[in-house]
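Per chain, numbering begins at 1; letters A, B, ... match sequence-line order.
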Protein chains: 2
Amino acid sequence: MNTRTRDRILKAAEELFAEKGFDGVSVREITDRAGSNVASVHYYFGNKKGLYLAVFRERMAQRAKKVQELFWKEIGDDPTPSAEKIIKTLARAFLKSPFSKKERMLHHKLMAREANRPTEAYSIFHKEVIAPFYNALIELLSPYLPEGLSRQDRVLYVLSIIAQVMHFNLARSMISHITGQPYTDRFIDRLVNHITRFSLYGINYRADR
Amino acid sequence: MNTRTRDRILKAAEELFAEKGFDGVSVREITDRAGSNVASVHYYFGNKKGLYLAVFRERMAQRAKKVQELFWKEIGDDPTPSAEKIIKTLARAFLKSPFSKKERMLHHKLMAREANRPTEAYSIFHKEVIAPFYNALIELLSPYLPEGLSRQDRVLYVLSIIAQVMHFNLARSMISHITGQPYTDRFIDRLVNHITRFSLYGINYRADR
DNA sequence: TTTTTAATCAAACGTTTGTTTAAAATAGAG
DNA sequence: CTCTATTTTAAACAAACGTTTGATTAAAAA
């Protein structure tokens with residue numbers, strides 16, 4: 001198995017799928033960017049759908065786990081982190097993860113695609129990666145949430161935070177139009193601070209109560 | 001001009017474009033659903049892209065304006081509405097607008113698609129519909145936002161609210177998985193209440209200050 | 001050395017794509 | 001009814017699509 005060719009195809013496929021969607025990209029476009037033959041997709045992945053599934057299994061899951069690792073590493077040493085630390089770390093893990101801006105972007109794009117219209121690729125990904133992370137976040141945030149909420153109510157708070165991260169990433173073009181700001185590092189820093197502040201107040205936790 | 005056939009095509013096109021994206025749908029699929037001939041798209045809209053533009057001009061823009069009218073109607077009589085009223089009305093206008101759930105969903109799907117990767121269809125739509133609404137919202141909310149913020153900072157607050165509305169609508173499948181709740185009317189009511197509460201605290205306005 | 005395996009390639013497969021054409025059907029006015 | 005303009009239709013087009021094939025290469029195994 002020549003993993004180099006296979007990896008080049010995976011990389012090109014991930015980029016193009018995120019950018020244009022499954023139907024927006026042709027196999028030839030992928031193999032051209034990867035510098036391989038059209039037939040190589042069949043050779044390594046069976047068919048186009050198999051390639052899409054592989055992108056999810058081997059690239060998305062990996063990346064999501066890395067984001068989570070980063071989150072836990074920053075939280076890690078603190079047994080009972082403050083609400084501010086949890087939220088800021090969460091926003092940063094998503095918006096300033098250890099990937100290039102391009103990589104982070106395409107990760108979120110594919111996530112959004114699947115959260116909306118899940119393919120077969122998603123169910124395992126959800127069970128193994130998404131769900132455990134959400135559950136852990138709920139545990140972590142619970143002490144700071146209004147009392148007496150059901151689990152279903154508490155998860156909404158986590159979703160409100162994630163919602164902002166996702167939207168500020170995915171609606172970049174519109175947001176740049178409306179704010180007049182390009183997505184520079186400085187602007188992203190400002191977004192992280194805004195999301196943190198908004199969400200911290202959003203959960204309505206006050207240390208002085 | 002036989003508007004009946006033309007309208008059927010527009011309706012089918014909007015549904016399918018929202019669901020699968022521009023490249024995910026074939027002209028034949030659209031005309032089949034509309035119950036017309038393949039060539040009718042050429043006859044009424046020139047080509048596939050022209051049909052997509054027409055969907056935006058004639059369906060999306062109309063709908064967005066209706067949502068905004070609903071918002072202003074509920075706000076209307078009040079010259080200086082409270083922060084709570086503004087936010088609740090905003091959340092409701094988006095999540096409980098005078099359309100069917102299906103209609104609202106496909107509207108938001110297309111919005112998200114274009115906010116992410118805008119086509120020519122978007123620029124006019126943005127200039128005439130989106131931007132004015134955002135600007136008006138900023139004006140309305142400004143008295144309740146932290147003082148001394150630039151316009152660019154203030155728009156972020158509006159975006160945080162919209163972000164939640166969009167995400168709770170678009171990531172339905174994932175959210176149902178994670179909460180264990182199907183998207184019933186009762187659940188959507190709960191979402192509206194949650195978003196309102198979270199966002200109201202999020203802007204950190206307190207009448208007692 | 002001979003045989004087997006892994007990898008890549010150009011070429012072609014049958015379908016589906018968006019688009020166009022020209023004829024047929026329909027509708028409305030005189 | 002007749003004539004004309006509008007609308008709908010079946011058929012065909014080239015181009016692009018995903019997929020498959022059989023040949024070719026080079027390295028590994030026998």
Looking only at side-chain N and O atoms, does A:Y44 come under 4.0 Å of OP1 or OP2 in C:dT8? yes

Run the numbers on B:R113 and B:T119 for side-chain contact (heavy atoms from CB on, under 4.5 Å), then give the verdict. CA-CA 9 Å; B:R113 250 181 236 288; B:T119 64; over 6 Å; no

Please state how far atom CZ in A:R6 lies from atom P in C:dT8, giving the value in whole angstrom units. 12 Å

Least distance between heavy atoms, A:S173 atom then B:A115 atom: CB-O, 3.4 Å

Should B:T5 be listed as having a side-chain N or O under 4.0 Å from OP1 or OP2 of D:dT7? no

For atom NZ of A:K48 and atom P of C:dT16, their distance in whole Å: 15 Å

How would you summarise protein contacts on nucleotides 20-28 of chain D per nucleotide, using B for base, S for sugar-phosphate only and - for none, with heavy-atom distances below 4.0 Å? BB-------

Yes or no on side-chain contact (heavy atoms from CB on, under 4.5 Å) for A:F71 and A:L137, after CA distance, side-chain angles and deciding distance? CA-CA 10 Å; A:F71 173 80; A:L137 283 176; 3.6 Å; yes

For A:K20 and D:dA16, what is the distance between atoms NZ and P respectively, to the nearest whole Å? 14 Å

Who pairs with A:E19 by salt bridge (Lys or Arg N to Asp or Glu O under 4.0 Å), at least two apart in sequence or on another chain? none

Under-4.0 Å salt bridge between B:R33 and B:E29: no

Nearest 0.5 angstrom please: B:R197 CZ to A:I203 CD1, how far? 10.5 Å

Evaluate the side-chain hydrogen bond (donor to acceptor under 3.5 Å, both in side chains) criterion for residues B:Y122 and B:R117: first the C-alpha distance (whole Å), next the side-chain angles of each, then the deciding distance (0.1 Å), finally the verdict. CA-CA 9 Å; B:Y122 189 68; B:R117 223 163 76 86; over 6 Å; no

Can you tell me which residue pairs pass the side chain to side chain donor-acceptor pair (under 3.5 Å) test with a partner in residues 48-60 of chain A, sequence neighbours excluded? A:R6-A:E58, A:E14-A:R59, A:K49-A:E120, A:Y52-A:E114

Send over the distance from A:Y43 OH to D:dT19 P, rounded to a whole Å. 18 Å

With a 4.0 Å cutoff (strictly under), does any side-chain N or O of B:S26 reach OP1 or OP2 of C:dT17? yes

In sequence, state the C-alpha distance, the side-chain angles, and the governing distance for B:M174 and A:Y134, and then conclude on side-chain contact (heavy atoms from CB on, under 4.5 Å). CA-CA 11 Å; B:M174 188 226 95; A:Y134 271 83; 3.8 Å; yes

Using atom CG of A:L51 as one end and atom P of D:dC17 as the other, report the distance to the nearest whole Å. 15 Å

Between D:dG18 (P) and A:D32 (CG): distance, integer Å: 12 Å

Enumerate, atom names and distances included, each donor-acceptor pair closer than 3.5 Å involving a side-chain atom of residues 158-172 of chain A, sequence neighbours excluded.
unit_1 : atom_1 : unit_2 : atom_2 : d
A:S160 : OG     : A:L156 : O      : 3.4
A:S160 : OG     : B:Q164 : OE1    : 2.8
A:S160 : OG     : B:H194 : NE2    : 2.7
A:Q164 : OE1    : B:S160 : OG     : 2.8
A:Q164 : NE2    : A:S160 : O      : 3.2
A:Q164 : NE2    : A:S199 : OG     : 3.0
A:N169 : OD1    : A:R172 : NE     : 3.3
A:N169 : OD1    : A:R172 : NH2    : 3.0
A:N169 : ND2    : A:H108 : ND1    : 2.7
A:R172 : NE     : A:N169 : O      : 3.3

Between B:F45 (CZ) and C:dG18 (P), how many Å, whole number? 15 Å

Extract from the structure each pairing of a protein N or O with an N or O of nucleotides 24-28 of chain C at less than 3.5 Å, listing the distance.
none

Answer yes when A:D185 and A:K96 have at least one side-chain N-carboxylate O distance shorter than 4.0 Å, and no when they do not. no

For the helix from C:dT19-D:dA12 to C:dG30-D:dC1, what angle lies between the axis at the first five pairs and the axis at the last five pairs, to 10 degrees? 20°

Please answer whether the main-chain N or O of B:S142 pairs with a side-chain N or O of B:R154 as donor and acceptor at a distance below 3.5 Å. no

Without decimals, in angstroms, what is the distance between B:E29 CD and C:dT19 C1'? 18 Å

For A:S40, answer base if it contacts any base atom (sugar-phosphate contacts may also be present), sugar-phosphate if it contacts only those atoms, and nothing otherwise; contact means non-hydrogen atoms under 4.0 Å. nothing

